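Here is the structure we will look at.
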Amino acid sequence: MRIAVDGPAGAGKSTISKAVAERLGYIYIDTGAMYRSVGLAALDAGLEPRSERDVSGILDDIEIDIKNGDDGQSFYLNGENVTERIREPKVSMAASSVAVIPAVRLKLVELQRRLAEKADVVMDGRDIGTYVLPDAELKIFLTADAAERARRRCAELIAKGETADPAVVEAEIKARDKNDSEREFAPLRKADDAVLVDTTDMSIEQVINTILELADKRR
Ligand code: CDP
């Protein structure tokens, strides 16, 4: 069974997907973390993440490893544990910039499809139901009002001890959604056969249960 969860920034995809995977005993695959790792690699190399030529030039030297440990999943970029660094706000836009580049997507999609062959998975991202796993047994499109998504992202940042201005965070989220929806190759889009779940007024537990019920019917 493959569950694809797509949607815009801050809709709760990772929290929900992780919890659903845990309850079903499936593997959770965070594809956003892969784009974040490539975005971070570009920033670390002093490159402009939007430059197709520059980023394509370092692509063969980028190795991403995922390790499952007691405290969740860790991401390694060329041997360095970047689990924390890829969550930095400046990496979000860099991820969205490199995600426009077809060569980046092809490399990561290959890795994603390989991971989904080995186990039952819950995979979250932007193009999972439309492009990466078009035959997924269950597809969810998670969304929420932009203001609510910004509020959630701010709460996350504040919980980590960072400062966050809701207006700035909302502008960043909107800019990223625009970039992700308007790119040519595998843009953010609801698959025709995906179930739309608007989480604006739903608790995390309600969203998890909604998806578990849908999964139960498809198994
Ligand atoms: O958690 P959040 O919604 O902020 O973002 P994320 O899922 O970590 O993804 C970061 C960025 O990676 C997105 O803004 C997209 O540009 C890109 N991405 C993508 O293009 N395709 C995916 N399957 C997953 C992420």
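Indexing begins at 1, ligand by ligand and atom by atom, following the structure's order. Source: prediction; values computed, not measured. Sequence positions, counted from 1, serve as the residue numbers for this chain.
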What protein heavy atom is closest to [atom], reported as residue, atom name and distance in Å?
atom                    : result
atom 21 (N) of ligand 1 : Arg105 NH2, 3.0 Å
atom 24 (C) of ligand 1 : Thr31 OG1, 3.3 Å
atom 10 (C) of ligand 1 : Arg176 NH1, 3.6 Å

>> Testing the 3.5 Å rule here: is there a donor-acceptor pair between the side chains of Ser96 and Asn179?
In response: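 There is such a pair between these side chains.
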
> With no hydrogens and no angle check, do the side chains of Tyr35 and Arg105 hold a donor and an acceptor under 3.5 Å apart?
Replying inline: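 Per modelled atom types, Tyr35 and Arg105 side chains form a pair under 3.5 Å.
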
Numbered atoms and elements of ligand 1 in range of [X], under 4.0 angstrom, heavy atoms:
X      : value
Arg183 : 16 (O), 19 (C), 20 (O), 21 (N)
Gly10  : 3 (O)
Gly125 : 22 (C), 23 (N), 24 (C)
Lys13  : 3 (O)
Ala99  : 16 (O), 17 (C), 20 (O)

> Purely on distance, is any nitrogen or oxygen of Asp180 under 3.5 Å from one on ligand 1?
Replying inline: yes

> Any nitrogen or oxygen of Asp127, main chain or side chain, under 3.5 Å from a nitrogen or oxygen of ligand 1?
Replying inline: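 Between Asp127 and ligand 1, an N or O pair is found under 3.5 Å apart.
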
Name each donor-acceptor pair under 3.5 Å that joins a side chain in residues 203-210 to protein atoms two or more places apart or in another chain, with its distance.
from	atom 1	to	atom 2	distance (Å)
Ser203	OG	Gln206	N	3.1
Glu205	OE1	Arg23	NH2	3.2
Glu205	OE2	Arg23	NH1	3.1
Glu205	OE2	Arg23	NH2	3.1
Gln206	OE1	Ser203	N	2.8
Asn209	ND2	Glu205	O	3.2
Thr210	OG1	Gln206	O	2.7

>> For residues 6-19, which residue pairs pass the salt bridge (Lys or Arg N to Asp or Glu O under 4.0 Å) check, not counting sequence neighbours?
In response: none

